[in-house]
Amino acid sequence: MSWNAVYRQVKKIPRGRVSTYGGVAKAMRLRAGARAVGYALAACPRGQGIPWHRVLGAGGRIRVPEPHAALQRKLLETEGVKIGVTVDMKIYGWPFRKSKAAAARKKKRAKPRR
DNA sequence: CATCTGACGACCG
DNA sequence: GCGGTCGCCAGAT
């Protein structure tokens with residue numbers, strides 16, 4: 001499961017901070033692997049202690065189904081994240097750092113990539 | 001082994 | 001600013 005990297009990133013998000021699918025994907029040097037990221041969270045591996053509610057869509061927009069969206073908002077507000085229509089990524093956005101997966105991907109990306 | 005889908009993102013018109 | 005299309009990853013059928 002390569003999702004291990006995704007879970008790891010999400011778990012690294014401290015309380016009161018949020019991230020985005022694209023953010024995690026970018027941390028992995030993936031352009032639009034956001035799908036995989038979302039899918040990974042969609043698996044919702046409860047028990048892994050994964051704060052999936054801290055993961056939002058681009059622009060801090062919630063990209064989750066209704067039942068989860070409400071819960072997510074509630075949980076984030078509980079953590080101190082003020083949510084209007086969307087979350088201010090410039091404030092709560094968590095700057096992901098290089099991850100193991102990113103390094104590996106980066107090394108491999110030594111090809112005619114732009 | 002081939003094809004479609006899915007909690008997405010970015011770009012183009 | 002909105003809508004449609006392409007691109008990406010991994011898993012399921």
Side-chain angles (χ1 to χ4, degrees):
Chain A
M1 288 72 187
S2 305
W3 295 0
N4 183 19
V6 178
Y7 297 141
R8 187 171 180 125
Q9 291 286 40
V10 177
K11 280 155 69 170
K12 281 167 64 179
I13 303 173
R15 174 173 157 298
R17 218 60 103 191
V18 298
S19 184
T20 63
Y21 298 102
V24 178
K26 281 198 167 186
M28 299 160 125
R29 278 287 147 277
L30 299 179
R31 184 159 61 99
R35 271 183 144 171
V37 177
Y39 202 54
L41 293 173
C44 207
R46 311 160 192 184
Q48 304 283 312
I50 301 175
W52 61 270
H53 57 268
R54 286 181 195 154
V55 183
L56 305 171
R61 225 173 52 193
I62 298 177
R63 299 297 284 210
V64 284
E66 261 313 306
H68 289 297
L71 179 63
Q72 186 170 27
R73 271 180 64 164
K74 188 175 180 180
L75 290 171
L76 289 174
E77 286 193 55
T78 301
E79 295 188 342
V81 179
K82 180 68 176 66
I83 303 180
V85 182
T86 56
V87 179
D88 290 312
M89 297 308 295
K90 59 181 68 172
I91 302 175
Y92 304 104
W94 174 251
F96 273 112
R97 283 177 188 40
K98 303 171 195 169
S99 66
K100 206 168 179 182
R105 184 69 64 158
K106 186 176 182 181
K107 190 171 185 179
K108 183 177 183 179
R109 191 179 56 65
K111 288 179 71 173
R113 186 66 170 155
R114 182 178 53 172

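Numbers restart at 1 for each chain; the letters A, B, ... are given by sequence-line order, proteins then strands.
Taking every side-chain heavy atom of A:P65 into account, B:dA7 is the closest of C:dA10, B:dA7, B:dC8. Nearest nucleotide to the A:W3 side chain, out of B:dA7, C:dA10, B:dG9: C:dA10. When each of B:dA7, C:dG11, C:dC9 is scored by its nearest atom to the side-chain atoms of A:Y21, the top-ranked nucleotide is B:dA7. Comparing B:dA7, C:dC9, B:dG9 against the side chain of A:V64 picks out B:dA7 as the nearest. In this structure, the nucleotide among B:dA10, C:dG11, B:dA7 sitting nearest to the side chain of A:Y39 is C:dG11. Closest to the side chain of A:R35, from the set B:dA7, B:dG9, C:dC8, is C:dC8.
Counted within 6.0 Å of NZ on A:K11, heavy atoms from surrounding residues, nucleotides or ligands total more than 12; the atom is thus considered enclosed.
Nearest heavy atom pair, residue A:L41 against residue A:P45, reads O-CD, 4.5 Å. Smallest separation of non-hydrogen atoms from A:Q72 and A:V55: NE2-O, 2.8 Å. A:W3 and A:A40 get closest at one heavy-atom pair: CE3-CA, 3.3 Å.
Nucleotide B:dG9 holds its P atom 12 Å from the CG atom of A:L41, rounded to whole Å. Atom NZ of A:K26 and atom P of C:dC8 are 15 Å apart (whole Å). Distance CG (A:L71) to P (B:dA7): 17 Å, rounded to an integer number of Å. Distance CD (A:Q72) to P (B:dA7): 14 Å, rounded to an integer number of Å. As rounded to whole Å, 17 Å separates atom P of C:dC9 from atom CD of A:Q9. Put simply, CG on A:N4 is 13 Å from P on C:dA10, counting in whole angstrom units.
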